[in-house]
Amino acid sequence: MKKLSTGIKGLDDILYGGLPQGKITFVLGRAGTGKTLLSTQFLYEGTLVGDTGLLISFDERVSDLIDHIQSDHHDIKSLILEQSLIVDHIYFDDNTHALDEHYTLDGLKLRLDTLIKKYAVKRIVLDSFKSLFQRFEDSFNYKVELTRLLHWLRDLNITTIITGGIDNDVLGIESYIADCVVLLDQRIHGQISTRRMRVLKYRGSDHECNEYPFSISSNGILVSPLSSLKFDHSASTKRISTGIQSLDAMFKNQGFYQGSSVLVSGEAGSGKSSMAAHFIHQACLDQKKALLFLFEESEAQIKRNMLSIGIDLQPFIDINLLKVHAVRPTEKGLEKHLLSMIHAIDTFHPKVVVIDPISAFWSKDTDLGIKALMTQIIDYLKRKQITGMYMHLMHTLDSLHNESTLISSLIDTWLVLRNREVKKYRTRDLFIVKSRGMAHDQAVRSFKITDKGIVIEKDEPRG
Amino acid sequence: MQETYVLTLYIFGQSFISNRAIKSVQQVCDESLKGNCQLTIIDISENPDITITENIIAVPLLVRERPLPKRLIFGDLNNLERIFKGLEIT
């Protein structure tokens with residue numbers, strides 16, 4: 001089967017190559033989910049390989065539509081000028097009345113035929129076909145005629161995208177005429193909006209079945225290039241220091257494996273950020289680039305706090321060994337966070353990434369999908385053999401297993417930090433829950449946070 | 001004196017539904033409007049460009065060009081009553 005690139009890398013990956021050439025694809029989603037944009041990117045991509053595109057809008061005037069889809073990245077106006085993209089607005093005149101269902105869409109068909117022949121059109125987008133009939137009664141049956149039209153386009157070997165809302169009407173047609181169906185969705189969880197896409201059906205081809213996050217930016221649609229969760233990461237035997245000598249000691253003086261994932265769980269104020277700072281600091285001393293994502297503190301706050309325990313991060317920022325990305329989780333949609341994180345990773349090429357805290361996206365009311373997305377970030381870093389340290393705010397030790405089970409399969413090393421009250425004094429201790437493929441200390445060890453950083457006590461605890 | 005009705009009937013090819021539309025509209029012109037009517041019949045299959053210039057989507061389509069305002073109806077043009085109602089012919 002011949003497939004055509006959609007011009008959206010991540011979507012091509014999900015479709016295992018692109019949309020079926022000469023066939024019918026339905027792009028379905030509610031208003032504002034990005035249907036028009038996705039379709040236009042497909043036409044734009046076509047013009048790059050010499051395929052003339054025809055965009056038929058049934059609900060927007062040509063000038064409005066062009067304003068909507070024109071961007072720095074996609075110069076639609078020039079394409080229209082050079083006639084490699086044809087845009088037409090088809091609508092019924094205001095005073096039109098439908099008597100009954102005994103009509104054909106031969107007028108529309110001839111009109112398309114004329115445009116197809118005149119400009120040698122190869123790709124067509126019918127944007128929101130249903131809105132053509134919106135003015136007539138809901139029960140008005142245009143499906144037979146639409147089906148006829150789509151069969152005709154398929155016979156002409158035109159690659160067609162037809163957009164529609166998610167309702168029973170369109171889904172009814174889609175089930176038998178569509179060769180490929182892409183669903184777009186936008187949901188709000190808490191205050192975080194997330195956009196997802198999913199391929200529902202692809203006749204004669206395999207495809208990814210999961211939902212994938214995407215974002216809409218001035219460059220058009222971006223689909224997260226995260227691939228499916230397959231356990232095919234390579235496993236390094238090299239080690240990387242934790243930045244704390246006494247903690248390295250708990251891992252037979254060698255620290256973590258390079259490219260592994262480290263989860264650090266702890267209550268508020270248990271020393272998670274201090275541990276992260278040690279790790280980053282050491283990485284930079286070893287000339288390894290480090291990227292720190294902060295979701296609850298600003299860059300200035302963390303620098304000040306870490307100075308108080310003797311860790312100065314500024315010199316590494318100055319020589320571009322360390323980059324800090326501080327954002328509020330609610331500042332933008334989750335998929336945008338994911339994509340901007342991936343963008344930062346792909347442009348900075350760090351050896352070490354710290355997310356403080358990963359639980360910012362991970363509260364009790366977030367749904368499984370969001371948790372799954374965060375696991376994709378971890379997966380992505382593992383694939384790139386980047387050592388990741390993820391700070392995880394836990395509320396009680398009991399909740400530890402519940403909250404973390406989702407990602408625990410991806411975690412190689414798991415540390416827990418605790419605050420305890422002993423004889424009116426708060427004391428700190430830590431222990432290693434697990435550390436795959438290496439001998440490690442089994443003890444619960446007390447530690448202090450001093451003006452020279454974290455110091456773990458060497459003596460074996462009682463018992 | 002009543003303004004002359006200017007009607008245009010758009011059909012696609014010589015089908016049963018086209019022929020029935022022609023027959024009914026002719027009847028409206030000759031009998032009901034008593035000839036105070038100027039009817040043009042256009043087969044869009046012979047003149048495809050007209051679909052773009054005249055914005056033709058669904059056929060059979062009957063357009064009352066005059067008197068203004070313009071009125072358009074599409075569907076089965078078999079029923080005279082509905083043609084009168086749709087074109088607001090009194």
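Per chain, numbering begins at 1; letters A, B, ... match sequence-line order. Not measured: the values here are computed from a predicted model.
- Residue pairs meeting the disulfide bond (SG atoms under 2.5 Å apart) criterion with at least one partner in residues 36-78 of chain B, sequence neighbours excluded, are C29(B)-C37(B).
- Both the backbone and the side chain of T104(A) come within contact range of chain B, with heavy atoms under 4.5 Å apart.
- Here the side chain of D100(A) pairs a donor or acceptor atom with the backbone of D76(B) at under 3.5 angstrom.
- In this view, Y91(A) and H89(A) satisfy the ring pair (Phe, Tyr, Trp, His ring centres under 6.0 Å) rule, not counting sequence neighbours.
- Summarising the geometry of L110(A) relative to P48(B), their closest heavy-atom pair is CD2-CB, 4.1 Å, with the distance given to 0.1 Å.
- Counting heavy-atom pairs under 4.5 Å between each of D88(A), L132(A), L115(A), L108(A) and chain B puts L108(A) at the top.
- You'll find the side chain of L77(B) stays beyond 4.5 Å of the side chain of H102(A), heavy atoms only.
- Note: Y103(A) and F74(B) have perpendicular aromatic rings, judged against thresholds of 30 and 60 degrees for the angle between ring planes.
- Between G107(A) and I44(B), the closest heavy-atom pair is CA-CD1, 3.6 Å.
- Proximity to chain A among residues 52-61 of chain B is limited to I52(B), N55(B), I56(B), I57(B), A58(B), V59(B), P60(B), judged by heavy-atom separations below 4.5 angstrom.
- Scanning residues 63-73 of chain B against chain A with a 4.5 Å non-hydrogen threshold yields P69(B), K70(B), R71(B), L72(B), I73(B), sorted by number.
- Ranked by non-hydrogen atom pairs under 4.5 Å with chain B, the options D106(A), D94(A), L105(A) are led by D106(A).
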